[in-house]
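First the structure, in the form of structure tokens, and then the observations on it.
Predicted model only: the values in this text are computed from it and were never measured.
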Amino acid sequence: QVQLVEYGGGLVQAGGSLRLSCEASGDTICITAMYWYRQVPGKERELVASIDEVGRTNYGDSVKGRFSISRDVPKDTLYLQMNSLKPEDTAVYYCKTDENCPLLAPEGGSWGRGTQVTVSS
């Protein structure tokens, strides 16, 4: 089982920057890919960025060139560096894992509880 806790959300002005982190604990050896999602109340959860076991990254079209995902495997920590923030980036940001340990992590993945990011104009 893996537990995830997000940090770093807050209020920032448009054009500013914010760095989110996600600390994983438990059976972290099972983690393969990690993801950042975001969600506005009443809307579908949206994939923001992903990073796999060998460090390959992908980004949603709306954040390409502005956001950067990275992972410190020894520290069990995922990061999202957000630059040139826009009001449209306002959302709850969630950390998510894929896990591949049939006995230790049979559910196959975990979600954090989210951290609020608010971008003012």
Side-chain angles (χ1 to χ4, degrees):
Q1 187 179 8
V2 174
Q3 296 80 43
L4 303 171
V5 181
E6 300 94 340
Y7 299 94
L11 177 64
V12 64
Q13 288 185 312
S17 297
L18 208 59
R19 190 192 194 211
L20 305 182
S21 61
C22 169
E23 296 184 357
S25 60
D27 298 312
T28 58
I29 194 172
C30 303
I31 297 172
T32 53
M34 298 189 76
Y35 308 83
W36 287 102
Y37 284 77
R38 66 187 183 187
Q39 188 170 28
V40 177
K43 306 293 184 180
E44 291 186 356
R45 193 164 294 187
E46 173 190 16
L47 177 62
V48 175
S50 65
I51 185 165
D52 70 8
E53 304 99 303
V54 296
R56 294 175 296 197
T57 59
N58 284 289
Y59 298 91
D61 288 342
S62 63
V63 306
K64 286 180 180 176
R66 300 189 299 120
F67 290 10
S68 180
I69 188 171
S70 60
R71 182 179 176 185
D72 188 334
V73 175
K75 294 183 178 180
D76 294 322
T77 303
L78 179 74
Y79 301 96
L80 184 67
Q81 179 66 48
M82 303 185 293
N83 300 321
S84 301
L85 283 162
K86 304 175 181 179
E88 308 92 270
D89 296 317
T90 295
V92 177
Y93 283 71
Y94 296 90
C95 178
K96 195 257 182 185
T97 61
D98 289 343
E99 297 153 18
N100 189 25
C101 291
L103 297 179
L104 295 176
E107 295 183 354
S110 302
W111 288 92
R113 295 191 178 188
T115 185
Q116 176 71 48
V117 172
T118 302
V119 184
S120 65
S121 60

Just so I know, are the side chains of M82 and V48 near enough to count as touching, which here means a heavy-atom distance under 4.5 Å? no

Please confirm whether the backbone N or O of S68 pairs with a side-chain atom of Y79, one donor and one acceptor, at under 3.5 Å? no

Non-hydrogen side-chain atoms of C95 and W36 separated by less than 4.5 Å: yes

Within the distance-only criterion (no hydrogens, no angle test), does the side chain of T28 pair as donor or acceptor with the backbone N or O of S25 below 3.5 angstrom? no

Quick check on the hydrophobic clustering: are M34 and Y59 connected, directly or via other members, by side-chain heavy-atom contacts under 4.5 Å? yes

Donor-acceptor contact present, side-chain E6 to main-chain R113, <3.5 Å: yes

Parallel, tilted or perpendicular, as decided by the 30° and 60° cut-offs, for the rings of Y93 and F67: tilted

Distance (rounded to the nearest 0.5 Å) between S121 OG and K86 NZ: 14.0 Å

Approximate separation, where rounding is to 0.5 Å, of E23 CD and D72 CG: 10.5 Å

Grab the two heavy atoms, one from S84 and one from R66, that are nearest each other, plus how far apart they are. O-NH1, 3.0 Å

Closest non-hydrogen atoms of N83 and S17, given as atom of the first, atom of the second and distance, are OD1-OG, 2.9 Å

In the single-linkage hydrophobic clustering (I, L, V, M, F, W, Y; side-chain heavy atoms under 4.5 Å), do Y37 and V2 co-cluster? no

How does the hydrophobic cluster around V54 look, that is, which other residues are in it when side-chain heavy atoms under 4.5 Å mark a link? none

Tell me the disulfide (SG to SG under 2.5 Å) pairs involving residues 24-64, sequence neighbours left out? C30-C101

For atom CD of Q1, decide whether the heavy atoms of other residues, nucleotides or ligands shown that lie under 6.0 angstrom number more than 12. no

Look at the side-chain heavy atoms of Ile, Leu, Val, Met, Phe, Trp and Tyr, link any pair under 4.5 Å apart, and say whether L85 and V92 land in one connected group. no

Roughly how far apart are L4 CG and T77 OG1, rounded to 0.5 Å? 10.5 Å

Quick check: closest heavy atoms across L18 and G10, and the distance to 0.1 Å? CD2-N, 4.0 Å

Option among L11, L80, T90, L20 that satisfies the side-chain contact (heavy atoms from CB on, under 4.5 Å) test with V117: L20

Is it true that L47 and Y94 fall in one hydrophobic cluster, defined by side-chain heavy atoms closer than 4.5 Å? yes

Quick one: which residue pairs count as a side chain to side chain donor-acceptor pair (under 3.5 Å) with a foot in residues 97-107, not counting sequence neighbours? Y35-D98, K96-D98, T97-E99, E99-S110

Just wondering, do S62 and R38 contact through their side chains at under 4.5 Å, heavy atoms? yes

Does the distance from a Lys or Arg side-chain N to an Asp or Glu carboxylate O, for K64 and D61, drop under 4.0 Å? yes

